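These numbers come from a predicted model, not from an experiment. Below, chains carry the letters A, B, ... as their sequence lines are ordered, and counting in each starts from 1.
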Protein chains: 2
Amino acid sequence: MNAVFEALSHPVRRKIIQQLKRGPKSAGELADMFELTKPTMSTHFAKLKSADLVSTKRDKNTIIYSLNMSILERALAELIDFGGDKDDDK
Amino acid sequence: MNAVFEALSHPVRRKIIQQLKRGPKSAGELADMFELTKPTMSTHFAKLKSADLVSTKRDKNTIIYSLNMSILERALAELIDFGGDKDDDK
DNA sequence: AATCTAATTAGATTATAGTCTAAATAGGTG
DNA sequence: CACCTATTTAGACTATAATCTAATTAGATT
């Protein structure tokens, strides 16, 4: 859960998530939507992935990213719904 | 919205929010729940406040923090619900 | 196998965040 | 008004994050 909220803290990563809600996209397609270098975008992808917010599959030599909506929903639901003395760090 | 997600990125600040869901609390009460100094806690409060996630009122010489649940809900709802090409930075 | 394309990793730099101790502020209270 | 209590601000230090260029990997194609 910590990793999810850290991932969500950067505006570019939230925009990547918005894009992936419309459907899976390759690293290159996503990178082209932002004015950042591909290595920089790659580190953003890595953070989303390490929070399990996205999954990857390979198609020829492009990597396709897709959103794990359930992970996002679960993290936000815990923050909103769950009780006041629960351990937040799991 | 940026400020909200930055505020949510730190586990201590999420725990503060959990506490405030149970009701308003003074700066000192909150600070005593964590193994951090009061100045450090104060900077966490300041971030929550600058994201408008909490409000303050003074009672004698203690400052009472309370949660602005609607701000939290709105930010999370935007992330979950709103369309794939919306500007995320407003 | 040499080469091309897509993407990531390495390494360096700069910026931002988190933390502390010490000092300052702002209201109450004797 | 001098002091006490609660909290914040200042200033310094350390750690982490974001970004870039250059180099590397991994698979596909000729």
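- At the phosphate of dA6(D), neither OP1 nor OP2 sits under 4.0 Å from any side-chain N or O atom of Y65(B).
- Computed from coordinates, the F45(B) CZ to dG18(C) P distance equals 14 Å when rounded to whole Å.
- Residue H10(A) places none of its side-chain N or O atoms closer than 4.0 Å to OP1 or OP2 of dA15(C).
- In this structure, CG of N2(A) is placed 13 Å from P of dT16(D), rounded to the nearest angstrom.
- The interatomic distance linking I64(B) (CD1) with dG27(C) (C1') rounds to 14 Å, in whole Å.
- The side chain of K38(A) contributes no N or O atom lying less than 4.0 Å from OP1 or OP2 of dC20(D).
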Exercise for review: Take nucleotides 22-30 of chain D nucleotide by nucleotide from the 5' end and write B, S or -, depending on whether a protein heavy atom sits under 4.0 Å from the base, only from the sugar-phosphate, or from neither.
Suggested key: B----BS--
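- Within the 4.0 angstrom heavy-atom criterion, only backbone atoms of the sugar-phosphate kind lie near E6(B); the bases stay farther away.
- The residue S26(A) sits close only to the backbone: its heavy atoms come under 4.0 Å of sugar-phosphate atoms, none of a base.
- K15(A) and Q18(A) are not linked by any side-chain donor-acceptor pair at a separation below 3.5 angstrom, with hydrogens and angles left out of the test.
- The CG-P distance, from L48(B) to dG18(C), rounds to 11 Å in whole Å.
- Look at NZ on K57(B): it is 18 Å from P on dA6(D), rounded to the nearest Å.
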Is there any protein nitrogen or oxygen under 3.5 Å from a nitrogen or oxygen in nucleotides 12-14 of chain C, and what are the pairs?
none

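- Position along DNA chain D of the nearest nucleotide to E35(A) versus A27(B) favours A27(B) as the more 5'-ward residue.
- Rounded to an integer number of Å, the gap from CE of M41(A) to C1' of dT21(D) is 18 Å.
- dT7(D) atom P lies 16 Å from atom CG of L36(B), rounded to whole Å.
- Atom-to-atom, CZ of F5(A) to P of dA17(C) comes out at 18 Å; the value is rounded to the nearest Å.
- When the side-chain nitrogen and oxygen atoms of T40(A) are compared with OP1 and OP2 of dC20(D), one or more of them lie within a distance under 4.0 Å.
- OP1 or OP2 of dC20(C) has at least one side-chain nitrogen or oxygen of T37(B) nearer than 4.0 Å.
- For dA17(C), neither phosphate oxygen OP1 nor OP2 lies less than 4.0 angstrom from any side-chain nitrogen or oxygen of H44(B).
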